[in-house]
Amino acid sequence: MDNDLGEIKAILKKYSQEHLLNGYDKLDEAYKKKLLEEISEIDFELIKSLYEKTKKEPEVNKDEITPISYLDKFKLGDKYKYYENIGKKAIKEGKLAVVTMAGGQGTRLGHDGPKGTYDIGLDSHKSLFELLSDYIKSEGKKYGVTIPWFIMTSRENNKSTEEFFEKHKYFGYQKNKNIFFFIQGELPMIDTEGKILIGEDGLIKLAADGHGGVYESLVKDGMTEKMRELGVEWVFIGGVDNCLVKMVDPVLMGIAIDKNVTVACKSVVKANPHEKVGVFCKKNGRPNVIEYSEITDEMAEATDKDGELLYGESHILCNLFSIDAIERMGSEPLPYHVAFKKAKYIDKDGNLVVPDSPNAYKFEAFLFDAFGEVDDMAVLRVKREEEFAPVKNADSAGVDCPKTARELYKKYYNLS
Ligand code: UTP
């Protein structure tokens with residue numbers, strides 16, 4: 001242990017992070033061990049380079065951005081049934097699994113607990129998790145299968161998420177048989193001087209590494225292996241906060257299989273050319289999603305010969321992958337994006353600091369940054385009112401909030 005401590009002190013000195021051991025002597029033995037373990041797992045070179053990135057002006061984008069082609073689910077004509085039959089067959093054969101990403105912090109919603117446990121105010125008072133579970137189970141029934149459900153949590157919310165599921169008897173699922181939990185990766189948070197923060201528990205202040213962490217953790221945590229054992233070939237990955245997410249879509253699956261692509265994504269058309277959403281495109285000839293802030297007004301407004309926006313297909317975090325694609329994406333590091341957030345921490349004198357404005361950098365990978373790993377993918381435009389009811393903000397924001405999601409949900413399911 002002393003030896004380890006000596007080595008760790010040397011590393012911390014090299015990277016000017018010696019303050020991480022300020023509270024070490026006051027910790028009990030288990031926490032001392034844990035802190036040293038956490039420190040030894042930090043990639044200090046990565047943290048240094050991420051900090052340097054926060055100080056740099058954003059680079060001028062030199063990528064060549066071009067439109068991506070897409071199919072409209074409701075303009076497929078005869079092909080609709082054709083794709084649907086292919087997809088239905090694969091679902092009946094047990095080839096589909098669903099992943100729900102529930103590792104986010106849900107800071108905008110401000111709910112005290114994992115976002116999936118949130119009750120959007122339906123008469124049934126069902127949580128987001130239960131609404132998703134109802135949907136997956138009823139779809140499974142249609143095809144005579146139980147669709148395996150994989151839930152990604154973070155270290156921060158894993159315990160409360162699992163306790164919630166246990167309390168609700170896993171909504172009829174069986175743990176480690178057809179419902180599985182896995183924990184996504186994390187990165188330390190740093191202050192504006194590049195110093196890694198210590199959290200209230202005296203350990204490193206870690207934050208989930210973004211939804212882009214899903215590929216690596218699916219592989220590392222043995223989930224892709226588990227899927228293969230279950231005979232799964234296709235995996236729908238979606239967020240926990242869209243109560244209308246349609247995870248079981250035979251048309252989408254049929255297109256992926258028929259067109260022999262390893263990724264198939266759903267889009268909804270932008271509400272207006274300047275809606276603040278990421279849109280599907282090609283970046284240097286490869287599939288990608290570009291943020292609204294990265295395209296010019298001219299590009300945002302450009303239309304094709306039919307009057308459709310060239311960059312109008314919004315990414316709604318509804319994507320289908322082959323297991324091979326997930327494994328490929330999980331083996332390549334994704335770029336990290338920086339977010340400036342409020343984070344409680346223990347200062348160098350051992351006092352708890354509760355900031356009232358952002359004070360710390362958090363680093364997140366985005367799921368769509370991996371799209372360029374594949375040569376081609378299919379984009380399927382679906383109807384917003386059928387598939388997209390996000391719960392992002394508190395009701396006071398008036399958009400993408402429980403109230404708007406509840407109204408959309410009720411309308412779709414014909415509830416009064
Ligand atoms: P958002 O990007 O909307 O983030 O996540 P969020 O954490 O829910 O909310 P804010 O930004 O803190 O207010 C979209 C989806 O990706 C998941 C979320 O749980 C949500 O389902 N996600 C996000 C993760 O699973 N892990 C992450 O690290 C980030």
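As the structure lists them, so they are numbered: ligands from 1, and atoms in each ligand from 1. Throughout, numbering of the chain's residues begins at 1 and tracks the sequence. Worth saying up front: this structure is predicted, and the values here are computed from it rather than measured.
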Considering only non-hydrogen protein atoms, determine which one is nearest to [atom] and report residue, atom name and distance to 0.1 Å.
{"atom": "atom 25 (O) of ligand 1", "answer": "Gly103 N, 2.8 Å"}
{"atom": "atom 10 (P) of ligand 1", "answer": "Thr107 OG1, 3.3 Å"}
{"atom": "atom 17 (C) of ligand 1", "answer": "Met101 O, 3.7 Å"}
{"atom": "atom 14 (C) of ligand 1", "answer": "Lys392 NZ, 3.5 Å"}
{"atom": "atom 15 (C) of ligand 1", "answer": "Leu317 CD2, 3.6 Å"}
{"atom": "atom 24 (C) of ligand 1", "answer": "Gly104 N, 3.2 Å"}
{"atom": "atom 26 (N) of ligand 1", "answer": "Gln184 OE1, 2.6 Å"}
{"atom": "atom 6 (P) of ligand 1", "answer": "Gly106 N, 3.6 Å"}

Can you check whether [X] has an N/O within less than 3.5 Å of an N/O in ligand 1?
{"X": "Met152", "result": "no"}
{"X": "Gln105", "result": "yes"}
{"X": "Lys115", "result": "yes"}

Check whether any side-chain heavy atom of Glu64 lies under 4.5 Å from a side-chain heavy atom of Lys283, and answer yes or no.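 Of all side-chain heavy-atom pairs linking Lys283 with Glu64, none is under 4.5 Å.
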Electrostatic pair [X]-[Y], nearest N-O below 4.0 angstrom:
{"X": "Asp395", "Y": "Lys403", "answer": "no"}
{"X": "Glu38", "Y": "Arg155", "answer": "yes"}
{"X": "Lys32", "Y": "Glu29", "answer": "yes"}
{"X": "Arg381", "Y": "Glu308", "answer": "yes"}

Which atoms of ligand 1 sit under 4.0 Å from any heavy atom of Gly239? 21 (O)
What atoms of ligand 1 come within less than 4.0 Å of a heavy atom belonging to Ala102? 19 (O), 25 (O)
When Lys137, Lys142, Lys141 are each screened for salt bridge (Lys or Arg N to Asp or Glu O under 4.0 Å) with Glu139, the one that passes is Lys142
Please work out, at 4.0 Å between heavy atoms, whether the side chain, the backbone, both, or neither of Val214 comes within that distance of ligand 1.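 For Val214, no heavy atom sits under 4.0 Å from ligand 1.
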Would you please say whether a donor-acceptor pair under 3.5 Å links the side chains of Glu45 and Tyr15?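 Checked: Glu45/Tyr15 side chains pair up, N/O donor to acceptor below 3.5 Å.
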Can you confirm whether the side chains of Asp347 and His19 place a donor and an acceptor under 3.5 Å from each other? no
Would you please indicate if the ring centroids of Phe321 and Trp234 are separated by under 6.0 Å? no
Counting N and O atoms only, with roles assigned by atom type, does the side chain of Asn157 sit under 3.5 Å from a partner on the main chain of Pro114, one being a donor and the other an acceptor? no
Counting heavy atoms only, name the option from Lys362, His211, Lys341, Arg108 that's nearest to atom 29 (C) of ligand 1.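 Checking each option, the heavy atom nearest atom 29 (C) of ligand 1 is found in His211.
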